[in-house]
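What follows is a set of notes on a single structure, which appears directly below.
In what follows, chains carry the letters A, B, and so on, assigned in the order in which the sequence lines appear, proteins first and then strands, with residues in each chain numbered from 1. Side chains included, hydrogens not; waters and symmetry mates left out as well; all remaining heavy atoms used.
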Amino acid sequence: MKKYNHEKIEKKWQKEWKKNKLYQTKNETDKPKYYILDMFPYPSGAGLHVGHPKGYIATDILARQKMLQGYNVLHPMGWDAFGLPAENFAIKNKVHPREMNEKNIATFKSQLEKIGFTYDWDREINTTDPEYYKWTQWTFLQMFKKGLAYESYEPINWCPKCQTGLANEDLENGKCERCDSEIEQKPMRQWVLKITDYAERMLKDLDKLQNWPESIKEMQKNWIGKSEGAKIKFPIKEEKLRTEVVPRGGVKRSKTTEEVRPREVISEIEVFTTRPDTLFGATYLVLAPEHELVEKILSEAREEVVPRGGGIGSEADNSDGRGATSGSVERINISNYKEVKKYVEQTKNKTEMERMENKEKTGVELKGVKAINPANQEEIPVYIADYVLADYGTGAIMAVPAHDERDFEFAQKMGIKIKQVIAPDDYNQETNDRKQLNVILMHGWGGHGKMGWFKEVKKFLTNKNIDVIAPDFPNTDSPKYQEWRDFFKKNIQPKINDQTVFIGHSLAPSFLMHYITEENLQLQQAIFVAPVLHNRISELNNFFEKDFNWSKIKKLIKKVIVLGSDDDLYITLNDFQELSEKLSAKFILHKNRGHFSQNENSNPEIIKLLEEILDSQNSNIQSKFKIQNSKLYTGVGILINSEQFDGMNSEEAKKAITKFVGGEMTVNYKLKDWVFSRQRYWGEPIPIIHCDKCGVVPVPEEELPVKLPDVENYEPTGTGESPLANIDEWVNTKCPKCGGEAKRETNTMPQWAGSSWYYLRYIDPKNNKALVDKKKEKYWSPVDFYIGGAEHATRHLIYARFWHKFLFDIGVVNYEEPFTRLQNVGLIMAEDGRKMSKRWGNVINPDDIVDEFGADAMRVYEMFMGPFAQSVAWNTKGLIGARRFLEKVWRLFQEKELVECGGGRCGDVPKEIPPLFHKTIKKVTEDIESMNFNTAISQMMIFVNECMKHDILPKSAMERFLILLAPFAPHITEELWAELGAREEVVPRGGGIGSEADNSDGRGATSRNAEFSSIFLEEWPKYNPDMIKDEMFEMVVQVNGKVRDKVQVSADISEEEANEKALASEKVQKYVDGKEIKKVIFIKGRLLNLVI
RNA sequence: GCCGAAGUGGUGAAAUUGGUAAACACGCACGACUCAAAAUCGUGUGCCCAAAAGCUUGAGGGUUCGAGUCCCUCCUUCGGCACCA
């Protein structure tokens, strides 16, 4: 008997497959296509760890299954090789990044090849290959021509360590994602792509992506962040500022003055708001510290420091131009200008981290400037605060403190007026229908001495005619409680009013919560009464921490009243204090122990106490209205305090008020334009030439690619320019337009550029005429299945969708969306539960696993670990299970006798095997389709375990079982297949037990090299539905829903028969005995439930 | 804080979508083979218990003949976003 030698087998077949070009993908074919894509890796120096191949194994399984099902499969691999690590390594070690890349790629490739993937390496691509990035540059030029690429001087995120600008997408918690340094804001000339032009389409088309995980779509939605609202202009009321608009004193303005006057006077502030309906409640404006008006005011005000040119002469228009602003005119009088300046500078210096840490609102008023609320002409103050972002909306907001959390917080801090203009929609319901419920919860109900206290409560409530709800009376028959039960029964009111009191045992909250939801009540405040006579303080503590985990009620308990006496043996005043701090509740220590006497006479002190309690509840109801009238409400509703718009609902009012003040309804996106340049060496040069005469000139297409020159130094220049800027012979060039001296753009593209379209290049990797041949693109696109990490949910997948849509618009591709189906792969964590990383020293190299256990075992294990999309910790012990399974399969084919049914030995075949096999075909086929690889494997294990029990097995089933297993464990199955001998002649396809249904359509099997036989040229088995129907089944017999017995019955048993069988069971009789059967529930093929 | 996903044995996890909870695997225990060990095979393995009965899917409640699955109120963990007006 041969031993399973994974090493030998795997090497052998990897060689054979390569030699026979088994995985080479042909373009011209009449087969249906299937394009399966992995997110291509960045070839880092660390090599692959066992987590990387998880996704690749899955795509490989799919690819192999699709091959077997007769598809023409494209399953390529390539390298996303531009990027910072290679460059940083180059700086350190003075090696060209390309060299390091090549080395890393070789490592990656050998690691991948050991695992036995179906990649067609003839289609390998590399983003750093000039023949590849030629087309990245080409696409950039097309965008430039369409006006989608522009230069901008906006401040960018600057990483001082990497000496480069970063997109927002490259930040992690305000730090550089690569090196973890604090990010500064630095203005710099950048190339920016107008991705925002595509925001709406990218959002809308998410709906088309039926086979994308909802979570990813949701994340993209949030990332795009569409919000609809209005732009509204607030006039500025500032005498001196306004006079700028109208020339003073009617002085005739010479042409010169007008020309040289560099200032554009800002006479109004435009804000963006999603809630124009709250305009009447806007009691101040806020500008972002970076707002242009702020900048302007600061520079204006600076002039004030310079002694004024003063007097009448100042109006002279003999100015030399610059003079117009040179302190001759008294302009803006910001009385707290120093303060403002200081604040603006402070915020500028704040790092992102600091801004994040300090959530408290800060800001400063712009004294001397007022704005006019265009709705009611009210004069309102203007503030500068960093809670307003410069690059969202207009960088300025109208603040409505009554209806916005942030504005509310700020207004409270600054003491600004808060004006309510929206009443909640259910305002009326709140006051009329939806009742407030007052709650008194009593702890220690039913204790001996406490009855006196409860009697007082009863008396008090009766006298005051207060309705009571107390449904949770202790469930005991003790006569002691009879009086209470009667009382509550009598007083329970179906309708509740503001006076109603819920009085219950302190353990009642479960009921209470239910009651509140059922009756649509609102719980305002609860009072907790805890007589402590016999309750040790620890008991009370316990109660709050363990039993009483109803956090909502807990939060509402504002007052805890503990009735106790100072002569109590069990607790001290210190205990009270401690407990009160813990619960942040107020205690009333009641001194008179007499409350708890059995005494029937009223105790005036108790009455007083109760009145206090109820009064405080009533005052709460009062304050409830106050809360609604003057405090925060952020929902929509009915307008109040809004003059002619009063009574209108928010939705209507949004439009009406916007129209009324001459505003404009607009849409805003969080998505920002894509900062597309990096001041680094190792990226695609941006194909642009700067000419003094002609300005920005694109490199002519025929000159592409603009190749990356070799440099001696990879260090950033420190000025923020790319190292390319130092290579004069590269930078200096001729202007393609005028032929004059010109300079090349020295910025390079970000890593995202090459990865935004690589999937298209696999289709036609060698084409030097076009990015991709149109016909081939039409055949292969879109990608049918894309598998990769969820970490790319927003960046890569947004960029690629954008890029693709652009290519669609210019006619390069045929479909609007690049990826039809997307699936996330869950991470594999290290055995210690952390991420695998050199830093932790917990990395497991797949090479070691392949050497020791075999590629097949690793493949099976990684797919068996758990649900594919979930992250799991690696466990080498678990791997042993996969290995044992393969060994069992091996032994099966070595030890068992395989018989052909045609040989007249059908009878020798165990009858369990054929139906189980067909079930296995079904399960494996379906589970691969739905990415449930773990259960597919488990089913195959069940099948193998069953086979192990028998000595004689049906040959055709066993052969086809190998095909099922082949995508998971290609090497061992290929070997066993070969051992069984050439197939076609021996077993007529579709033959064998119960396989009448598999009529071969002959696809695929014969299309290759005739001498080369491979299991992967066979056909995926089909199951026969008749074979999986059970004739008998185990019927579950339940009594009142509980399983009492199981009986073997035939599959098509009738209800009557089933009933008979069930009642025949002794076990069932035991439960049914003598009792009336009220109802019988019969579920065909499953169970029978007797209800008694 | 907001959005999303998820909580099931000692562990990784299954559960036909409302119908036998814990398949499959790891681990563990016992047994067989062996001088012995490893490997392999067999048996057992949710909790409580001698057994019968009972209990059990983060907590509590609800709907239902029947709930891991649906509804309500919470808790916890992990991802994403985070002053987005």
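- For A/Met941, counting side-chain heavy atoms from C-beta on, the closest listed nucleotide (B/U40, B/G54, B/A25) is B/A25.
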Please tabulate the protein-to-nucleotide N/O contacts below 3.5 Å involving nucleotides 26-30 of chain B, giving atom names and distances.
unit_1, atom_1, unit_2, atom_2, d
B/C26, OP1, A/Arg884, NH1, 2.6

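- Listed nucleotides B/A85, B/G4, B/A25 differ in distance to A/Phe864; the shortest reach to its side chain belongs to B/A25.
- The nucleotide whose nearest atom lies closest to any side-chain atom of A/Arg891 is, among B/C55, B/U40, B/G12, B/U40.
- Closest approach to the A/Val388 side chain among B/A85, B/C81, B/A23 is made by B/A85 (side chain taken as heavy atoms from C-beta onward).
- In this structure, A/Asp391 atom CG and B/A85 atom C1' are separated by 13 Å, rounded to whole Å.
- A/Glu791 meets the side-chain contact (heavy atoms from CB on, under 4.5 Å) test with no other residue; sequence neighbours excluded.
- In this entry the distance linking CG of A/Asp927 with C1' of B/A14 reads 11 Å, nearest Å.
- Put simply, CD on A/Gln870 is 10 Å from P on B/U8, counting in whole angstrom units.
- Here the C1' atom of nucleotide B/C83 and the OH atom of A/Tyr392 are 12 Å apart, to the nearest Å.
- With rounding to whole Å, A/Lys3 atom NZ is found 11 Å from B/U40 atom P.
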Produce the list of close N/O pairs, under 3.5 Å, pairing protein atoms with atoms of nucleotides 15-22 of chain B; give distances to one decimal.
unit_1, atom_1, unit_2, atom_2, d
B/U16, N3, A/Arg1086, NH1, 3.1
B/G19, N2, A/Gln1038, OE1, 3.3
B/U20, O2, A/Lys1046, NZ, 2.7

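- Sequence order on RNA chain B of the closest nucleotides to A/Tyr669 and A/Val872 puts A/Val872 first from the 5' end.
- A cation-pi arrangement, defined by a distance under 6.0 Å to the six-membered ring centre and an angle within 45 degrees of its axis, is present between A/Lys361 and A/Tyr387.
- Remark: A/Lys54 qualifies as a cation-pi partner of A/Phe868 under the 6.0 Å distance and 45° angle criteria applied to the six-membered ring.
- In this structure, A/Gln894 atom CD and B/U40 atom P are separated by 17 Å, rounded to whole Å.
- Checked against the 6.0 Å centroid criterion, the rings of A/Tyr1023 and A/Phe917 do not qualify as a close aromatic pair.
- Nearest-nucleotide positions on RNA chain B for A/Lys670 and A/Gly866 put A/Gly866 closer to the 5' end.
- Between the P atom of B/A85 and the CG atom of A/Asn668 lies a distance of 8 Å, rounded to the nearest Å.
- Nearest nucleotide to the A/Arg1044 side chain, out of B/G54, B/A85, B/C83: B/G54.
- Judged by distance alone, with hydrogens and angles left aside, A/Lys221 brings no side-chain donor or acceptor close enough to the base of B/C3 to form a pair under 3.5 Å.
- Rounded to the nearest Å, the gap between the P atom of B/U63 and that of B/U69 is 15 Å.
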Side chains of residues 1033-1045 of chain A: which donor-acceptor partners sit under 3.5 Å, not counting sequence neighbours?
unit_1, atom_1, unit_2, atom_2, d
A/Asn1040, OD1, A/Ile1092, N, 3.0
A/Arg1044, NH1, A/Tyr1071, OH, 3.3
A/Asp1045, OD2, A/Ser1065, OG, 2.6

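- Following rounding to the nearest Å, A/Glu887 (CD) and B/U40 (P) show an atom-to-atom distance of 7 Å.
- Between A/Phe410 and A/Tyr383, the ring center distance clears the sub-6.0 Å criterion.
- In RNA chain B, stems built from 3 or more consecutive Watson-Crick or G-U wobble pairs, each with both distances under 3.5 Å, span B:1-7 with B:75-81, B:10-12 with B:24-26, B:27-32 with B:40-45, B:58-62 with B:70-74.
- Considering only residues two or more places apart in sequence or on other chains, A/Lys1078 meets the salt bridge (charged side-chain N to carboxylate O under 4.0 Å, His left out) condition with none of them.
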